[in-house]
Structures are given as C-alpha cells and as structure tokens.
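None of these values were measured; they are calculated from a predicted model. Letters A, B, ... mirror the listed sequences (proteins, then strands); counts begin at 1.
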There are 2 protein chains.
Amino acid sequence: MSDGAQFRQVSPVRLYQRIVEQIEQAIVRGDLKPGQRLPSERELVTQFGASRPTVREALRVLESDGLVRSRPGDPNGPEILPYSSAGLTKQMTRLVQFDNVSMAELISFRMILDGSASSLAARLRSEEELSAMERTIAVMSEAIEEGYEEFSKADVAFHEAVAVASRNSLIEVCNQVVRGAVLALISDKVAHAHNSAALMRESLRHHQEVLEAIRTGDGLAAARISRRKLYEYYAGYVPENERGPLLALVEDEES
Amino acid sequence: MSDGAQFRQVSPVRLYQRIVEQIEQAIVRGDLKPGQRLPSERELVTQFGASRPTVREALRVLESDGLVRSRPGDPNGPEILPYSSAGLTKQMTRLVQFDNVSMAELISFRMILDGSASSLAARLRSEEELSAMERTIAVMSEAIEEGYEEFSKADVAFHEAVAVASRNSLIEVCNQVVRGAVLALISDKVAHAHNSAALMRESLRHHQEVLEAIRTGDGLAAARISRRKLYEYYAGYVPENERGPLLALVEDEES
DNA sequence: GTGAGCTTACTGGTCAGGCCAGTGATAACG
DNA sequence: CGTTATCACTGGCCTGACCAGTAAGCTCAC
C-alpha cells in the first residue's frame with residue numbers, strides 16, 4: 001500500500017443534501033435568523049438550479065429537523081424557526097425505544113440526572129428559582145385530594161424547576177425525555193398503584209426533603225435524597241435481579 | 001365552555017408524514033428489522049396510494065433520521081439501518097452551535113456522565129471489562145510517542161470501555177455524543193494545545209488514577225477523579241465567569 | 001376617511017409521467 | 001463449473017400541471 005496520499009471514503013451526495021447543507025449553514029452562521037423567511041419553493045428552484053421536488057425534499061428534511069416550517073398558502077415563504085429541543089427529544093426517545101433500553105437502565109439514568117440536577121440546583125439556584133420550586137410543592141400538597149392526575153403534573157413541574165435551576169439545559173432535556181419514557185412504560189400500572197393519598201403524601205414528604213437540601217445549599221444531600229426517593233418509587237418496576245446498579249447509585253454517597 | 005368533550009389542537013398532517021409515521025412505527029415495533037429492505041419506491045407508491053414525490057419526501061426524512069438508506073440502483077430497495085447515535089449527535093451538536101448550550105454546559109454534562117460511568121463501573125465491572133480498560137491505558141502509554149492523534153483515539157477507547165462497564169447504554173451513548181460534540185467544537189485548538197508529550201503523560205496519569213479507583217471498587221473516588229480530570233483538561237475552553245457550575249461538580253464530593 | 005368584503009396573485013401540497021445512470025440477479029457463455 | 005454480459009428494475013432528478021389555501025390589496029358602501 002502506498003504511503004503517500006491518504007484517500008477518504010467518498011459517498012455520493014444527493015442534490016437535496018447540498019441544499020440542506022447550504023440552508024443549514026446559513027442558519028447556523030446567523031445569516032438567517034428565526035422569524036425570517038426563506039424564498040418560496042419556486043424561487044429556491046431558480047436560486048439552487050434544482051427542480052421543485054428536489055427543493056421540496058430538502059425542505060422536508062429541514063422541517064423534520066425543526067429548522068423551518070412551511071405553511072400552505074403562506075405568501076411569505078417557509079419560516080425559520082427558533083431553536084427548540086424537539087429534535088433532540090425525538091432522537092433521544094428513539095434511542096430509548098429502539099435500543100429497547102431496559103427499565104433498570106432508564107431509572108438508573110434518571111437517578112443520575114435528577115441527582116445531579118438537585119446537586120447543582122442546591123449550589124446555583126437563585127431565590128426566584130427556589131420559590132418556583134416551593135410553589136410546585138405547594139401545588140402538589142393541594143393536589144393530593146384532587147387525585148393522581150393533578151399530583152403527577154405538579155410532581156413533574158417540581159423536577160422541571162429543579163432542572164432549570166441546575167442551569168444546564170442538557171440535563172433539563174435529557175431528564176425530560178427519560179422521565180417521559182419511564183412514565184410511558186408504566187403509566188398503566190402507576191395510575192392505580194400510586195393513586196392513594198398515603199403514597200402521595202409520602203412522595204410529597206420526599207420532595208420536601210429534597211427542597212430543603214436545595215434551600216440549605218447541601219448539594220450532596222440533595223443528590224442523595226433525590227436518588228433514594230426515585231429508587232424507592234420505581235424499584236418495584238424493576239426485576240429484582242436487575243436492581244444492583246440502582247442500589248449502587250443509592251449507596252454511593254453514603255459510606 | 002362545555003365540560004363534555006375535550007378537543008385537542010389539530011394541525012394539518014402532510015401525506016408524507018403519514019408515511020413516515022407508518023414506516024417509523026413498523027421499525028419501532030420490530031416488524032422491520034435492521035438489514036431488511038423496504039419495497040421499492042414505485043411499490044411503496046402503490047401500497048400507500050401516494051405519488052412518488054410524496055413517497056420520496058417520506059424516505060428522505062427517514063434517511064436524514066438515520067432509519068433507512070437508499071442506494072441508487074439497488075434492486076432490493078431501501079435498507080433498514082441498525083440504530084446509530086448519529087442522529088442524536090447531530091441534534092446535540094446543533095443544540096450547541098445555536099449557542100443555546102454553552103461550552104460550560106457541555107463539559108458540565110460530560111463531567112456528570114463520565115463521573116457516573118466511572119462510579120458505576122467501579123462497582124459493576126467484570127474482570128474482563130477491567131482488563132479491557134487496562135489494555136486501552138497501555139495503548140495510550142505507547143501512543144504518547146506517536147502523537148496526539150493516536151493518543152486521543154486510545155483516550156476515547158478508555159472512556160468507552162468505562163461506559164460499557166457501567167452497564168448503562170444511555171450513559172454510553174450520551175457520553176459518546178457529548179464527547180463528540182465537545183471535540184467537534186475544539187478540535188482545531190486542541191490539536192495544537194495538547195500535542196505535547198508532557199501533557200499526554202499528565203493525562204495518562206489521570207487515567208491511571210481513575211482506573212485504579214475502578215479496580216479497587218471505590219466508586220466515589222473514581223467519580224471524583226474523573227470529574228476533576230475533565231475539569232482540568234477542559235476548563236481552559238470555558239470563559240472564567242462560567243466555570244462556577246463546573247467547580248461545583250468538582251468540589252461536590254470533597255467536603 | 002374608514003372599515004368590511006371581495007379579488008387576485010401567489011403559496012405550498014400533490015400528482016402523473018418521463019429520462020438517466022446505476023445495480024445486481026440471472027442467463028448465456030467459455 | 002466459474003465468468004461474463006445482459007437486462008429488468010432501482011433510485012435520482014426533471015418537467016409541467018392542478019388544487020386549496022393565504023393574505024395583500026382593491027373595491028365599495030358607509
């Protein structure tokens with residue numbers, strides 16, 4: 001083998017991909033800002049020198065990536081969308097569904113994310129963020145009588161508030177996705193199992209403990225309590241012989 | 001407002017989206033497994049009762065999501081691809097490029113993931129996995145003289161081995177994605193900055209410490225060292241006034 | 001002048017049909 | 001039996017067309 005030139009693998013690049021790249025980079029570069037409009041499809045046809053089906057394929061890809069949106073009849077052309085984590089969520093959801101990640105892994109990951117979020121929140125939270133958490137706790141408390149539906153909503157809001165206070169949107173997004181995946185997997189069972197006031201009160205108490213740790217800035221405690229709470233809450237859905245990794249996370253901070 | 005029926009917001013669903021959904025779900029359900037082939041475009045046209053451009057738009061979206069691949073001339077039709085984290089990486093990279101996620105958040109997230117992976121690996125690793133890590137460390141050691149390129153490859157292999165030993169594929173994939181995103185952002189700078197044998201030896205020593213903690217089963221230490229190592233390695237790329245959250249993670253386990 | 005309603009030019013969604021350069025199973029060949 | 005050439009079919013791309021929407025601008029009554 002010659003040692004002189006290094007050749008990279010080439011792959012045929014479709015026309016529509018070229019178009020996607022150009023528009024994508026224009027957006028990333030900032031030449032196209034959210035709210036601005038792309039030329040109409042027919043105009044793009046002339047600018048790119050491709051046919052309309054080809055241009056449309058490119059637009060469909062950009063649309064599915066959440067970068068633009070086309071509305072039929074809109075004389076202003078496709079709109080550049082503000083960034084949203086929808087695409088990330090979609091991909092992460094696919095990861096969960098596709099790789100058929102086990103329940104144990106999901107919960108383990110949630111313990112890590114939620115624990116880290118609590119820990120960071122304890123150190124970084126502002127007063128406003130703290131009171132936002134307090135409000136969600138208050139709502140949870142009131143929701144106990146209104147049934148699991150409402151309670152669960154407030155529960156999610158609390159975790160969301162903690163994630164926001166962690167100042168890390170990656171944690172926020174991942175946690176959101178994983179939480180959704182977990183709930184989707186057990187929604188049928190959980191509706192009955194946890195629809196008792198006693199269990200909700202127990203859960204509320206746990207949340208209050210986490211909040212207290214965040215208030216006092218004790219990141220270690222916040223993470224530990226958060227993890228243990230999740231373990232107690234969800235371990236029942238994990239086969240016993242798969243609980244090892246979860247217990248490892250619970251015991252981690254204690255010794 | 002009537003309390004009887006609940007109506008959801010509707011949005012016009014394009015034909016191509018219907019096709020995407022159907023194929024997507026068939027894949028998620030497992031009716032279509034990686035390696036299997038989709039019918040040809042013209043066949044799909046008859047099956048879905050849509051025109052070829054429409055079917056093609058659907059295929060382009062699926063292709064950009066990394067679910068299928070069409071090759072011109074292939075008489076067997078589009079191929080169902082095995083899962084790949086490429087789509088996730090793309091989305092996460094975009095998330096970062098849009099400046100919605102700072103370098104600090106990325107590295108913070110990496111510290112969390114890598115730290116957790118190390119911690120779990122310390123508790124769960126098998127002997128085989130341990131020796132796999134040892135091998136990558138050995139390769140790193142040898143690669144110091146061959147330049148940063150080789151060294152970096154072995155570095156990645158080590159983290160990959162740790163992630164595998166954590167027995168959590170979510171950590172594995174997410175870590176891989178975040179690592180890729182970080183490297184993509186600083187690849188130009190890092191090539192020069194770290195291409196010194198001294199720095200590589202330093203890095204090697206850190207890795208050995210992590211490995212030692214994993215060997216002895218000390219999850220806490222493994223996580224702590226792993227995090228601090230990442231901090232020292234990457235803090236330079238983070239503006240000083242954004243390093244707070246990172247330091248929070250380093251100091252977390254120490255007090 | 002001003003608001004309500006209509007017109008109209010244009011948009012995106014979809015379709016039918018066609019050409020071309022590839023691919024690979026298969027049949028013909030040595 | 002292995003090789004090679006054929007050829008049906010594939011995906012990539014294009015042209016041209018129709019339709020149902022949208023919203024800007026016009027009209028017109030007030």
- Task: Using the test salt bridge (charged side-chain N to carboxylate O under 4.0 Å, His left out), find all partners of B:Glu160 that sit at least two apart in sequence or belong to another chain.
- Result: B:Arg179
Side-chain donor/acceptor pairs under 3.5 Å, residues 162-173 of chain B, sequence neighbours excluded:
from, atom 1, to, atom 2, distance (Å)
B:Ser166, OG, B:Ala163, O, 2.6
B:Ser166, OG, B:Asn168, N, 3.4
B:Arg167, NE, B:Glu129, OE2, 3.2
B:Arg167, NH2, B:Leu124, O, 2.9
B:Arg167, NH2, B:Glu129, OE1, 3.1
B:Asn168, OD1, B:Leu170, N, 2.9
B:Asn168, OD1, B:Ile171, N, 3.3
B:Asn168, ND2, A:Glu105, O, 3.2
B:Asn168, ND2, A:Ser108, OG, 3.1
B:Ser169, OG, A:Glu105, OE1, 2.6

- Residues pairing under salt bridge (charged side-chain N to carboxylate O under 4.0 Å, His left out) where one sits in residues 73-86 of chain A, two or more places apart or in two chains, turn out to be A:Arg37-A:Asp74, A:Arg69-A:Glu79, A:Arg71-A:Asp74
- Item | Residues that B:Glu43 engages under salt bridge (charged side-chain N to carboxylate O under 4.0 Å, His left out), provided they are two or more places apart | none
- Query: Tell me: CZ of A:Arg69 to C1' of C:dG13, nearest whole Å?
  - Reply: 16 Å
- Query: Salt-bridged, A:Glu63 to A:Arg60, with N to O below 4.0 Å?
  - Reply: yes
- Message: According to ring pair (Phe, Tyr, Trp, His ring centres under 6.0 Å), who are the partners of A:Phe48, at least two apart in sequence or on a separate chain?
- Response: none
- Could you state the CD-P distance from B:Glu79 to C:dG24, rounded to the nearest angstrom? 11 Å
- Given atom CD of B:Gln17 and atom C1' of C:dG13, what is their separation to the nearest angstrom? 12 Å
- Query: Residues in salt bridge (charged side-chain N to carboxylate O under 4.0 Å, His left out) with B:Arg52, at least two apart?
  - Reply: B:Glu41
- Query: Between atom CG in A:Asp74 and atom C1' in C:dG13, what is the gap in whole Å?
  - Reply: 14 Å
- Task: At the 4.0 Å heavy-atom cut-off to chain B, mark where contacts on DNA chain D begin and end, going 5' to 3'.
- Result: D:dT10 to D:dC13
- Query: What does B:Arg37 touch in the nucleic acid at a heavy-atom separation under 4.0 angstrom: a base, only the sugar-phosphate, or nothing?
  - Reply: nothing
- Query: Please, which pairs that meet side-chain hydrogen bond (donor to acceptor under 3.5 Å, both in side chains) have at least one residue in residues 130-140 of chain B, sequence neighbours excluded?
  - Reply: B:Glu134-B:Arg215
- Item | Partners passing side-chain contact (heavy atoms from CB on, under 4.5 Å) against B:Val20 (at least two apart in sequence or in another chain) | B:Tyr16, B:Glu24, B:Ala58, B:Val61, B:Leu62
- Message: Measure CZ/B:Arg18 against P/C:dG13 and give the value in whole Å, please.
- Response: 15 Å
- With sequence neighbours excluded, what pairs up with A:Glu21 under the salt bridge (charged side-chain N to carboxylate O under 4.0 Å, His left out) test? none
- Atom NZ of A:Lys90: over 12 foreign heavy atoms under 6.0 Å: yes
For nucleotides 15-20 of chain C, which of its nitrogen or oxygen atoms have a protein nitrogen or oxygen under 3.5 Å away, and what is each distance?
from, atom 1, to, atom 2, distance (Å)
C:dC15, OP2, B:Ser51, N, 2.9
C:dC15, OP2, B:Ser51, OG, 3.0
C:dC15, OP2, B:Thr54, OG1, 2.8
C:dG18, O6, B:Arg52, NH2, 3.3

- Query: When you check every protein heavy atom under 4.0 Å of nucleotides 5-10 of chain C, what one-letter string (B, S, -) results, 5' to 3'?
  - Reply: ------
